[in-house]
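First comes the structure, then the notes that go with it.
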Amino acid sequence: MHTPIRSVTPASANVEVIGWIHELRDLGGLTFLLLRDRTGILQVTVNRKKAPAGVLAALAIISRESVVRVRGPVKAIDKAPGGREVTPEVLELVSPCATPLPLDVVEKVPAELDTRLDARFLDVRRPRVTAVFLIRSMVLQAVSEFLWERDFVQITTPKLVAAATEGGTELFPVAYFDKEAFLNQSPQLYKQMMMAAGFEKVFEIGPIFRAEEHNTTKHLNEATSIDVEVSFADQEDVMRLLEELVAAVYRKVGETCAEPLSWLKKELEVPATPFPRIPYTDAIEIAARRTGEPLKFGDDFGAAAEKALGEEMGTHYFIVDWPTAIKPYYAMPYSDRPEFCRAFDLMHPRMELSSGAQRVHQYDLLAAQIRSKGLKPESFEFYLNPFRFGMPPHAGWGLGAERLVMTMLDLQNIREAVLFPRDRHRLVP
RNA sequence: GCCCAGGUAGUGUAGUGGCCUAUCAUGUCGGCCUGUCACGCCGACGACUCGGAUUCGAAUUCCGACCUGGGCGCCA
């Protein structure tokens, strides 16, 4: 059984390690071989005069990024990386690596994102890229744990759906036997239906699809959405849940991902809660003042406005009390001022992370709001019908997993937070 | 979709009409080297996105196509 490289210490006696040849430094009588697995890098030192013939034979044929197996005693050596090195008694080429490499795994020369994505499997071998995905994995684990601890039920909802019902974005049409179908833009309608099913607290982590032809560093055509819906809750309840979740995820990553964070040279700061709440009307004023743009009530925030607000706030913050007119039909208007609704966006200084709301749970009001958006209630009766049979008041949000990781790690392009991003021009690999 | 900037060895780059038989680094291959850690040294290999045009001469100028990056819009 082989030992993860992280666990090889100067106190280890005899170890077997398997990994990729990260670097080879042949000094003549002495060869240093850096072996890498996903947990770290280990120096293997071959002394030409003392090494067994089998080791020398293997050394002659191995090249960078080949997979090799090494067995031998561990020595504490101050001069070696990590203070330890292995002197191999066995060195075996397990799987050879072709040359030339499509990109430089040791990052002596950089590679452009496009080159990296074309050879993603190799790109991800680089510790700084491995780190992003180890952390992403922990983010999703931390989200699940946080929600499970609070009695949430994890659900999975269809990604193939019958109609473009939610509005606001373009959908991908797909052939579904003899019917027209679409890839779902979000689990919104289904998670609301689960409120009628009596689950009270549900969450889903899953893919969402948007057919927008955007070309930016923060949009994807396939993204991962963390969706939550809670019965007997209002928008304030789920905002508290959301800010606590974000802080908990940062805390968990900070506690458990010290090594990947160090590869990224990233010091995580847990954002202070509660996050500031800023009403939409104030946000418009601030953005208008700081950008000089003539923003008015009913406008959405463009890139410049979003940036200006981020600079003003300097931390995570909520924009609350949005105009009903620019939020989806399922957002609950305030009864005493129906031009505003109980919707919020969670913002990071760089971009929007999440949007949510208390939902409309009254059938008649929901049907009316659907009509007022120019949609036909008849065309998605499957969603509306549950509202006639004891739908509890509820609230929820959707949080972009890639954006959460991207802002946490200061990634410049959202594609860095996805193994195989789907964007306007990329469908392969 | 709009605007801007680009496309040169496997990778990342230099180059602005002849001095390009194209720079540098990294890499690969060969040689030397017993403590490297971006090892060092010597030698070799390897590229101008495609199609037209201008010109005595084009990597370099012009037109078109394709591709990429960034910004904006749309969107979350």
Side-chain angles (χ1 to χ4, degrees), chain A residues 22-36 41-51 60 63-65 75 77-83 85 87 97-119 122-123 126 166-171 185-188 208-227 293 300-307 319 326-328 343-348 350-356 397-404 406-407 412-415 423-426:
Chain A
H22 191 64
E23 284 196 79
L24 268 168
R25 296 193 195 107
D26 179 4
L27 273 58
L30 209 53
T31 298
F32 298 105
L33 191 155
L34 297 187
L35 193 67
R36 182 195 69 243
I41 290 174
L42 174 69
Q43 178 162 291
V44 177
T45 303
V46 178
N47 185 322
R48 185 151 288 168
K49 284 184 181 156
K50 296 180 189 165
S63 58
R64 286 162 69 234
E65 295 306 317
K75 282 189 235 165
I77 303 278
D78 286 345
K79 287 177 282 195
E85 69 178 21
T87 309
C97 179
T99 60
L101 293 166
L103 54 78
D104 175 21
V105 176
V106 296
E107 292 186 277
K108 282 183 187 173
V109 284
E112 291 192 351
L113 186 58
D114 191 51
T115 305
R116 294 171 48 201
L117 292 176
D118 281 341
L122 263 187
D123 180 50
R126 310 200 294 184
E166 201 179 323
T169 187
E170 295 294 317
L171 302 189
Q185 69 184 92
S186 93
Q188 179 66 31
I208 58 172
F209 303 91
R210 310 279 165 99
E212 299 293 337
E213 298 195 354
H214 34 47
N215 203 290
T216 77
T217 54
K218 54 187 176 188
H219 289 89
L220 294 164
N221 291 297
E222 177 177 357
T224 307
S225 181
I226 299 163
D227 266 273
E293 286 177 10
D300 212 332
F301 301 94
E306 201 172 86
K307 184 163 182 280
I319 302 175
I326 58 172
K327 282 291 178 185
F344 59 87
D345 279 6
L346 171 63
M347 309 296 296
H348 177 276
R350 288 176 65 194
M351 70 190 78
E352 179 184 339
L353 294 183
S354 169
S355 62
W397 41 257
L399 167 66
E402 286 81 14
R403 288 188 173 188
L404 181 60
M406 175 187 186
T407 52
Q412 290 311 298
N413 192 314
I414 197 165
R415 293 162 183 79
D423 63 31
R424 177 68 187 82
H425 300 291
R426 184 174 284 277

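So that the names make sense, note that chain A is the first sequence line, chain B the second, and so on, each numbered from 1. All heavy atoms count here, side chains included; hydrogens, waters and symmetry mates do not. Because the structure is predicted, anything quoted here is derived from the model rather than measured.
Atom name P, nucleotides G43(B) and G57(B): the rounded distance is 38 Å, in whole Å. Annotation: G6(B) and A65(B) have their C1' atoms spaced 16 Å apart (nearest Å). Between C29(B) and U49(B), the distance separating the two P atoms is 27 Å to the nearest Å. Atom P of G70(B) sits at a distance of 22 Å from the matching atom of G15(B), rounded to the whole Å. A9(B) and C56(B) have their P atoms separated by 31 Å, given to the nearest Å. Of the C1' atoms belonging to U54(B) and U61(B), the separation is 8 Å, rounded to the nearest Å. Across A47(B) and U13(B), the matching C1' atoms stand 12 Å from one another, rounded to whole Å. Nucleotides G12(B) and G69(B) have their C1' atoms positioned 15 Å apart, rounded to a whole Å.
The nucleotide U23(B) finds no pairing partner, because no Watson-Crick or G-U wobble arrangement with both distances shorter than 3.5 Å includes it. Remark: C2(B) base-pairs with G71(B). Criterion, Watson-Crick or G-U wobble with two distances under 3.5 Å. Searching all strands for a Watson-Crick or G-U wobble partner of G46(B) with both distances below 3.5 Å returns nothing. G40(B) is paired with C32(B) under the criterion used here, namely a Watson-Crick or G-U wobble arrangement in which both key atom distances are under 3.5 Å. With a cut-off of 3.5 Å on both pairing distances, the Watson-Crick or G-U wobble partner of U61(B) is A53(B).
Note on Arg426(A) versus Glu222(A): no salt bridge recorded, every NZ/NE/NH1/NH2 to OD/OE distance being 4.0 Å or above. For Lys327(A) and Asp300(A), the salt-bridge test fails: no basic side-chain N is under 4.0 Å from an acidic carboxylate O. Under the 4.0 Å criterion applied to side-chain N and carboxylate O atoms, Asp104(A) and Arg126(A) are not assigned as salt-bridge partners.
At distances below 3.5 Å, at least one donor-acceptor pair connects side-chain atoms of Thr216(A) with backbone N or O atoms of Lys218(A). With Ser354(A) contributing its side chain and Gly398(A) its backbone, the two residues share a donor-acceptor pair below 3.5 Å. In terms of modelled atom types and a separation under 3.5 Å, the side chain of Asp345(A) and the main chain of Met347(A) share no donor-acceptor contact.
Across the protein-nucleic acid pair, Arg426(A) atom CZ and C67(B) atom P stand 13 Å apart, rounded to whole Å. Atoms CZ (Arg210(A)) and C1' (G73(B)) sit 17 Å apart, rounded to a whole Å. In this structure, the CE atom of Met351(A) is 16 Å from the C1' atom of C72(B), given to the nearest Å. In this structure, the CD atom of Glu293(A) is 8 Å from the P atom of G73(B), given to the nearest Å. The nearest whole Å value for the distance from the CG atom in Asp114(A) to the P atom in G6(B) is 18 Å. What separates CG of Leu103(A) from P of U28(B) is a distance of 13 Å, to the nearest Å. If you take CD of Glu65(A) and C1' of G27(B), they are 13 Å apart, rounded to a whole angstrom. Between the CD1 atom of Ile414(A) and the C1' atom of C75(B) there is a distance of 12 Å, rounded to whole Å.
Leu220(A) comes within 4.0 angstrom of a base, heavy atoms only. Within the nucleic acid shown, Thr216(A) comes within 4.0 Å of at least one base atom, counting heavy atoms only. Residue contacts shown for Gly398(A) are absent, as no nucleic acid heavy atom lies under 4.0 Å away. Within 4.0 Å (heavy atoms only), Arg424(A) reaches sugar-phosphate atoms of the nucleic acid but no base atom. When heavy atoms are screened at a 4.0 angstrom cut-off, Ala304(A) is found touching no nucleic acid atom at all.
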Please assess Asn221(A) against His214(A) for the test side chain to side chain contact (heavy atoms under 4.5 Å, CB included), listing each intermediate value before the final yes or no. CA-CA 8 Å; Asn221(A) 291 297; His214(A) 34 47; 3.7 Å; yes
Please step through side chain to side chain contact (heavy atoms under 4.5 Å, CB included) for the pair Gln185(A) and Ile208(A), ending with a clear verdict. CA-CA 5 Å; Gln185(A) 69 184 92; Ile208(A) 58 172; 6.0 Å; no
For every nucleotide of nucleotides 34-49 of chain B, 5' to 3': is a protein heavy atom under 4.0 Å from its base (B), only from its sugar-phosphate (S), or from neither (-)? BBBBBB----------
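With sequence neighbours excluded, the residues that form a side-chain hydrogen bond (donor to acceptor under 3.5 Å, both in side chains) with Glu402(A) are Arg136(A), Thr224(A).
Both His425(A) and Asn221(A) lie close to RNA chain B; mapped to their nearest nucleotides by heavy-atom distance, the more 5′-ward contact belongs to His425(A). Residue-to-nucleotide proximity on RNA chain B shows that, of Asn215(A) and Thr115(A), the 5′-proximal contact is made by Thr115(A).
A sub-4.0 Å separation between OP1 or OP2 of G70(B) and a side-chain N or O of Asn413(A) is present. Proximity of Thr99(A) to the phosphate of G10(B): no side-chain N or O atom is located under 4.0 Å from OP1 or OP2.
Inter-residue side-chain proximity for Gln412(A) and Thr217(A) is flagged as unmet; no heavy-atom pair is nearer than 4.5 Å.
Out of G1(B), C74(B), G12(B), the shortest distance to the side chain of Ala111(A) is found at G12(B). In the set G27(B), G12(B), G73(B), G12(B) carries the atom at the smallest distance from any side-chain atom of Pro110(A).
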